[in-house]
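Let me begin by presenting the structure, written as structure tokens, before commenting on it.
What you are looking at is a predicted structure, and each value in this text was computed from that prediction instead of being measured. Read the numbers this way: they start at 1 and go in the same order the structure lists the ligands and their atoms.
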Amino acid sequence: MLQFKLVLLGDSSVGKSSIVHRFVKDSFDEFRESTIGAAFLSQTIKLEKQDDVTIKFEIWDTAGQERYKSLAPMYYRNANAALIVYDITQPDSLAKAQSWVDELKNKVGDQDLVICLVGNKLDLCEEDPQKRVVDTEDAQRYASEQGLLFQEVSAKTGAGVTDIFQTIGEKLYVQ
Ligand code: GDP
Ligand code: MG
């Protein structure tokens, strides 16, 4: 069994904790309380493409608020992977995600850290396409320019959530 440390970063209310809960507990809570400081959870998966390989993710779910920003380096230092989450219905959240990408690249460099850009709340746009403010193509283009993995998800329906961890797990396994 391989163990990897994974950290979630992004603006508050984009759905970081909801993504972790969907992945770890396969549940969703409309009224999730906002994270204080950071929360630790873990989950084990079997890689679909190499089914004899089990990967344990040790997950640090950070609080997005500005007042906790100085704590973030404690969680991303020594991380093997980072999910940088934005909300596809919120105009500022991609820009915030991009500033996290810059910070990670400055502070930890590119050294084997697998970064995945994650656009959350896909269900809201499926209900009402007018709610989308971040185009898939724009985020996808930015991610490939920066060498990031990219996935749109819904923590609410679960769409795309396990894909993130499968893709990251495979990348960590081969590198
Ligand atoms: P965090 O601050 O980034 O950890 O965000 P939370 O996980 O606490 O979620 C913030 C709010 O967005 C909560 O009210 C969640 O119920 C809601 N939320 C999170 N993910 C989704 C999603 O995929 N779809 C919808 N419709 N709401 C979501
Ligand atoms: Mg949270």
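Side-chain contact check for Glu152 and Thr136: at least one donor-acceptor pair (N or O, by modelled atom type) lies under 3.5 Å. Side-chain contact of Gln98 with Tyr86: a donor-acceptor pair under 3.5 Å is absent, judged by distance alone.
For the residues Cys125, Ser17, Gly160, the heavy atom positioned nearest atom 4 (O) of ligand 1 is part of Ser17. Of the listed options Lys16, Arg32, Glu30, Glu30 places a heavy atom closest to atom 14 (O) of ligand 1.
The proximity of Asp123 to ligand 1, defined as any non-hydrogen pair under 4.0 Å, is limited to the side chain. Contacts between Asp61 and ligand 1, counted as non-hydrogen atom pairs separated by less than 4.0 Å, are absent for every part of the residue.
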Run the salt bridge (Lys or Arg N to Asp or Glu O under 4.0 Å) test on Lys16 and Asp61 for me, step by step, so that the C-alpha distance in whole Å, both residues' side-chain angles and the decisive distance to 0.1 Å come before the verdict.
CA-CA 7 Å; Lys16 298 178 296 299; Asp61 172 22; 5.8 Å; no
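The shortest non-hydrogen separation linking Cys116 to Phe150 is SG-N, 4.1 Å. When all heavy atoms of Ile19 and Ala155 are compared, the closest pair comes out as N-CB, 3.7 Å. The shortest heavy-atom contact between Asp123 and Ser154 is OD1-OG, 2.8 Å. In this structure, Thr44 and Thr54 approach most closely via the heavy-atom pair CG2-CG2, 3.1 Å.
Less than 4.0 angstrom separates some heavy atom of Lys156 from each of these atoms of ligand 1: 22 (C), 23 (O), 24 (N), 26 (N). Residue Ser154 has at least one heavy-atom neighbour below 4.0 Å for each of these atoms of ligand 1: 23 (O).
Considering backbone and side-chain atoms together, Gly15 places an N or O closer than 3.5 Å to an N or O of ligand 1. At a 3.5 angstrom cut-off on N or O pairs, Asp29 counts as close to ligand 1. Ligand 1 has a nitrogen or oxygen under 3.5 angstrom from a nitrogen or oxygen of Lys121.
With hydrogens left out, the protein atom closest to atom 2 (O) of ligand 1 is Ser13 N, 2.8 Å, a heavy atom. Regarding atom 27 (N) of ligand 1, its nearest protein heavy-atom neighbour is Phe28 CZ, 3.8 Å. The protein atom (non-hydrogen) at minimum distance from atom 7 (O) of ligand 1 is Ser18 OG, 2.6 Å. Regarding atom 23 (O) of ligand 1, its nearest protein heavy-atom neighbour is Ala155 N, 2.9 Å. Looking at atom 20 (N) of ligand 1, its nearest protein heavy atom turns out to be Asn120 ND2, 3.1 Å.
Within 6.0 Å of the CD atom in Gln175, the count of heavy atoms belonging to other residues, nucleotides or ligands exceeds 12. Environment of CD in Gln3: crowded, with over 12 heavy atoms of neighbouring residues, nucleotides or ligands closer than 6.0 Å.
The Mg ion (ligand 2) has an N, O or S atom of Thr35 closer than 2.8 Å. Residue Ser34 does not count as close to the Mg ion (ligand 2), with no N, O or S atom under 2.8 Å.
Cation-pi geometry between Lys105 and Trp100 is not met: the NZ or CZ atom fails to fall both under 6.0 Å from the ring centre and inside 45° of the normal.
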